[in-house]
Amino acid sequence: TDVPGCLRALSAEAAVRAFPVKIDVAGIAAWQYDPVIDGYVHAEAPLATILRGAHNHVPFVVGVNAEETSRLSPAITSEAQYQAIVLALTGGNQAVANAILAQYPAANYPTPRAAYVALSTDAKFVCPARAIARAAALGQTEPVYRYLFAQPLDNSMLLKPLGAWHGIELFFVFHVLNVAGYVPTMGESALSDQIEGYWSRFATLGDPNDAQGGAPVWPRYEAKSDPYLKLKADATSAEAGLRTAKCDFWDMLR
């Protein structure tokens with residue numbers, strides 16, 4: 001069967017209609033959310049390519065949001081439901097589920113759903129980003145930078161409790177905070193200006209830092225101390241060790 005030929009023959013409308021309606025980033029339908037290794041565009045997992053040093057050696061930024069999965073996680077209302085979802089995600093492996101639940105016990109979070117948001121954000125975003133940053137920093141001389149975006153929409157009673165979900169940083173990157181009538185705080189507008197500065201300097205110079213010293217220094221990444229820039233209104237700062245123990249756990253489990 002000529003699968004590529006079949007796909008090329010489809011109209012754009014037919015291809016869009018055949019695509020899944022929901023792209024799952026919270027891990028409910030599938031644990032992994034990865035590129036398809038098709039042997040043509042992707043011959044192997046991107047991390048494997050970076051570990052071999054076969055990637056393009058250029059300056060790059062890798063980052064995540066603090067609550068990536070908060071908008072798409074299910075309405076978990078009990079600890080039993082939370083435990084059942086974690087067990088399902090492991091394919092029914094109770095030993096693995098128990099190990100995960102020991103790292104993210106519901107009692108340590110405001111709600112069982114919050115525990116799941118933390119768990120899935122780390123497993124699917126924060127810790128894979130650390131793996132990529134480490135691999136690149138060890139395999140190239142060009143600089144690598146890591147960030148954590150941690151700013152919720154403070155002026156929305158509905159959205160603020162969701163924290164910094166998947167994609168929210170794009171409103172700040174492109175300075176379009178007034179979507180659907182939202183009125184940004186002064187701190188949010190200033191953060192957007194700050195992010196625009198970092199991103200434009202990086203695109204132009206390969207270094208996001210301000211030579212005039214007008215913005216907090218974004219440290220170059222290195223694996224030992226795991227430095228990153230925390231992006232938050234009125235509190236952007238260079239920090240180190242992003243969820244280290246949790247990521248060590250996921251590295252051991254994978």
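The shown structure was predicted, so the numbers you read here are calculated from the model rather than taken from an experiment.
Looking only at side-chain heavy atoms (C-beta outward), Y116 and P74 come within less than 4.5 Å of each other. The shortest side-chain heavy-atom distance between V144 and I132 does not fall under the 4.5 Å cut-off. Side-chain atoms of I195 and F149, non-hydrogen and from C-beta on, do get closer than 4.5 Å to each other. Residues E68 and K124 have side chains not in contact (no heavy-atom distance under 4.5 Å, counting atoms from C-beta outward). Taking 4.5 Å as the limit, some side-chain heavy atom of L242 sits within range of a side-chain heavy atom of V126. Two residues are said to be in side-chain contact when any heavy atoms from C-beta on lie closer than 4.5 Å; R243 and W250 fail this criterion. Using a 4.5 Å heavy-atom threshold, the side chains of S237 and P216 count as separate. When side chains are defined from C-beta on, R71 does not count as touching H166, because their heavy atoms never get closer than 4.5 Å.
In this structure, S200 contributes its side chain and G197 its backbone to a donor-acceptor pair below 3.5 Å. With hydrogens and angles ignored, the 3.5 Å screen pairs a side-chain donor or acceptor of Q151 with a backbone N or O of A233. With hydrogens and angles disregarded, no donor-acceptor distance shorter than 3.5 Å links the side chain of R220 to the backbone of P227. Of the possible polar contacts, one joining the N155 side chain to the V183 backbone as a donor-acceptor pair under 3.5 Å is found. Panel note: side chain R146, backbone D226; no donor-acceptor pair is recorded below 3.5 Å. Q212 places no side-chain N or O within 3.5 Å of a backbone atom of G214 that could act as its donor or acceptor partner. With hydrogens and angles disregarded, no donor-acceptor distance shorter than 3.5 Å links the side chain of E188 to the backbone of P184. Under a 3.5 Å cut-off, the side chain of S70 and the backbone N or O of E67 do form a donor-acceptor pair.
When all heavy atoms of E142 and V58 are compared, the closest pair comes out as CB-C, 3.7 Å. Across all their heavy atoms, D38 and V41 have their closest contact at OD1-N, 2.9 Å. Residue I168 comes nearest to L153 through the heavy atom pair CD1-CG, 3.8 Å, listed as atom of the first residue, atom of the second, then distance. Between N209 and D207, the shortest heavy-atom contact is N-OD1, 2.9 Å. The two atoms that bring A238 and P219 nearest to each other are CB-CD, 3.7 Å, heavy atoms only. I37 approaches P46 most closely through the heavy-atom pair CD1-CD, 4.5 Å.
Both L162 and F171 are assigned to one and the same hydrophobic cluster, defined by single-linkage of ILVMFWY side chains at heavy-atom distances under 4.5 Å. Transitive grouping of hydrophobic side chains (ILVMFWY, heavy atoms separated by less than 4.5 Å) brings M252 and Y104 into a common cluster. Follow the hydrophobic side-chain contacts under 4.5 Å out from Y198 and you reach Y145 in the same cluster. Under the 4.5 Å side-chain contact rule for hydrophobic residues, L119 and Y109 share a cluster. Residues L191 and F202 share a single hydrophobic cluster, defined by chaining ILVMFWY side chains whose heavy atoms lie under 4.5 Å apart.
Listed by chain and residue number, nothing satisfies the ring pair (Phe, Tyr, Trp, His ring centres under 6.0 Å) test with Y82 (two or more places apart in sequence, or in another chain).
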Legend entry - Check against side-chain contact (heavy atoms from CB on, under 4.5 Å), V117 and W165: CA-CA 10 Å; V117 170; W165 71 79; over 6 Å; no
Inset, instruction - Take T236 and Q194, measure what side-chain contact (heavy atoms from CB on, under 4.5 Å) needs, and give me the verdict at the end. - result: CA-CA 9 Å; T236 292; Q194 193 176 64; 2.6 Å; yes
Legend entry - Step-by-step side-chain contact (heavy atoms from CB on, under 4.5 Å) determination, Q94 to L87: CA-CA 6 Å; Q94 190 65 63; L87 179 61; 3.6 Å; yes
Legend entry - Audit row: T77, R113, side-chain contact (heavy atoms from CB on, under 4.5 Å) steps and yes/no: CA-CA 7 Å; T77 58; R113 187 180 189 277; over 6 Å; no
Inset, instruction - Check step by step if ring-ring contact (aromatic ring centres under 6.0 Å, His included) holds for Y147 and W199. - result: CA-CA 12 Å; Y147 73 84; W199 263 239; 5.4 Å; yes
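Going from atom CZ of R8 over to atom CG of D2 covers 7.0 Å, rounded to the nearest 0.5 Å. Note: Q83 CD to N98 CG = 8.5 Å, rounded to the nearest 0.5 Å. Distance check: W218 CH2 to K230 NZ gives 15.0 Å after rounding to the nearest 0.5 Å. Residue K160 holds its NZ atom at 4.5 Å from CG of D154, rounded to the nearest 0.5 Å. Atom CZ in F172 sits 8.5 Å away from atom OG in S189 (nearest 0.5 Å). To the nearest 0.5 Å, atoms CD1 (I50) and NE2 (H57) are separated by 9.0 Å.
At a cut-off of 3.5 Å, with distance as the only test, a side-chain donor of T49 or E44 sits close to an acceptor on the other residue. For S11 and E13, the side-chain atoms include no donor-acceptor pair closer than 3.5 Å.
Ion pairing between D122 and R130 fails under the 4.0 Å rule for side-chain N and carboxylate O.
Dense packing is recorded around OH of Y182, with more than 12 heavy atoms of other residues, nucleotides or ligands lying under 6.0 Å away. Atom CG of N108 sits in a crowded spot, with more than 12 heavy atoms from other residues, nucleotides or ligands closer than 6.0 Å.
Grouped by direct or indirect side-chain proximity (heavy atoms under 4.5 Å, Ile/Leu/Val/Met/Phe/Trp/Tyr only), V3 sits with L7, L10.
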